[in-house]
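Each remark here refers to the structure printed beneath this line.
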Amino acid sequence: MTRRHRPAALLAGVSVLLLTAAGCSDLRSEIEAETGAGAAPTAPAQSPPPSVAPPSPPSLPSASSAGTTSPGCPPSGLDVVIGGEDAAMGHRVVTLKLWNCGDEPYRVKGHPGLELLDGARTPIDVEVTHESDYTYTGRRDDRPRQLTLAPNTTASAVLHWNNRVTSLDGAPTPGAHILVTPAPGEEPVSLPLPIDLGTEGTLDVTSWAADPVSGR
């Protein structure tokens, strides 16, 4: 009677297949380890952002390109300011300063031009005189003289008026501003100045005279 060995043969075949699969698995693991194919994908390295240069600061004008006139100086290079005020016994005295705020010498001679304005800047009809009473102006000799003002030097003129009211007919409208024209042809300079003219209704002004001390 012949023995059947088929089950044994089948078991042997299965063992061969398992060994072969295990060998292939080990071989595949070795290949992946060498090539890195089995490793988890890594994120691509990011290149650093391009450097951005900070904005350049705005260029400033050089000292050579800047003007030499003082801040607030009119285009003419001349300005008029109030240098002082005084009052006694109904008389008012105000000193006007003519300032050369430009960078060129300026020649001037004579009396400044005056125009009185009210609060609404409407001209007031007023008589301007050049009598120069020494008691109030301090000028013994008010003859106009030719002056040359170097840059940043001044000349002075003195305003004088009487605010006494001696008549019930009324006095001129009080002034609130005065326009001072340094010399014929120049632009007038407006100054806020309360002027309470009395019954006489006159405003006296001296000629320009050089100040003993330079500067404003």
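Fair warning: this is a prediction, and the values are worked out from it, not measured in the lab.
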Next on the checklist: My understanding is that only residues two or more places apart in sequence, or in another chain, count here; which of them pass side-chain contact (heavy atoms from CB on, under 4.5 Å) with I124?
Outcome noted: L116, D118, T173
Next on the checklist: With heavy-atom distances below 4.5 Å as the criterion, would you say the side chains of R92 and E85 are in contact?
Outcome noted: no
Checklist outcome for this item: Looking only at heavy atoms, the pair that brings W208 and L96 closest together is CZ3-O, 3.8 Å
Checklist entry - Between T95 and G83, is there a donor-acceptor pair closer than 3.5 Å when you use the side chain of the first and the backbone of the second? => result no
Checklist outcome for this item: For V108 and A183, the nearest pair of non-hydrogen atoms, with its separation, is CG2-CB, 4.2 Å
Checklist outcome for this item: Value for SG (C101) from CG (L149), rounded to nearest 0.5 Å, stands at 11.0 Å
Item to check | Considering all heavy atoms, the nearest V126-G201 contact | outcome: CG2-O, 3.3 Å
Checklist entry - What's the shortest heavy-atom distance between I82 and P192, and which atoms? => result CD1-O, 3.9 Å
Checklist entry - Out of D211, N152, T154, which residue meets the side-chain hydrogen bond (donor to acceptor under 3.5 Å, both in side chains) rule with W99? => result N152
Checklist outcome for this item: So CG of L197 and CZ of R164: to nearest 0.5 Å the spacing works out to 13.5 Å
Checklist outcome for this item: Hits for side-chain contact (heavy atoms from CB on, under 4.5 Å) against D142, two or more places apart or cross-chain, chain-then-number order -> H111, S132, R139, T206, S207
Checklist entry - Checking R145 side chain against R143 main chain: does a donor-acceptor pair fall under 3.5 Å? => result yes
Checklist entry - Is there side-chain contact between V205 and H130, with heavy atoms separated by less than 4.5 Å? => result yes
Checklist outcome for this item: For residues 180-189, the side chain to side chain donor-acceptor pair (under 3.5 Å) pairs (sequence neighbours left out) are Y106-E186
Checklist entry - Considering all heavy atoms of both residues, which atom of S190 and which atom of L179 are nearest to each other, and what is their separation? => result CB-CD2, 3.5 Å
Checklist outcome for this item: Between the CG atom in N163 and the CD atom in E200, the distance rounded to the nearest 0.5 Å is 10.0 Å
Item to check | Side-chain heavy-atom pair H177, E115 within 4.5 angstrom cut-off | outcome: no
Next on the checklist: For L98 versus P182, what's the shortest heavy-atom pair and its separation?
Outcome noted: CD1-CB, 3.7 Å
Next on the checklist: A quick test of your reading: do over 12 heavy atoms of other residues, nucleotides or ligands sit less than 6.0 Å from CG of D141?
Outcome noted: yes
Item to check | CA sep, side-chain torsions, deciding dist, call: V94, I195, side-chain contact (heavy atoms from CB on, under 4.5 Å) | outcome: CA-CA 10 Å; V94 173; I195 297 183; over 6 Å; no
Next on the checklist: Please determine whether residues L117 and V80 belong to a single hydrophobic cluster, defined as Ile, Leu, Val, Met, Phe, Trp and Tyr linked transitively by side-chain heavy-atom distances below 4.5 Å.
Outcome noted: no
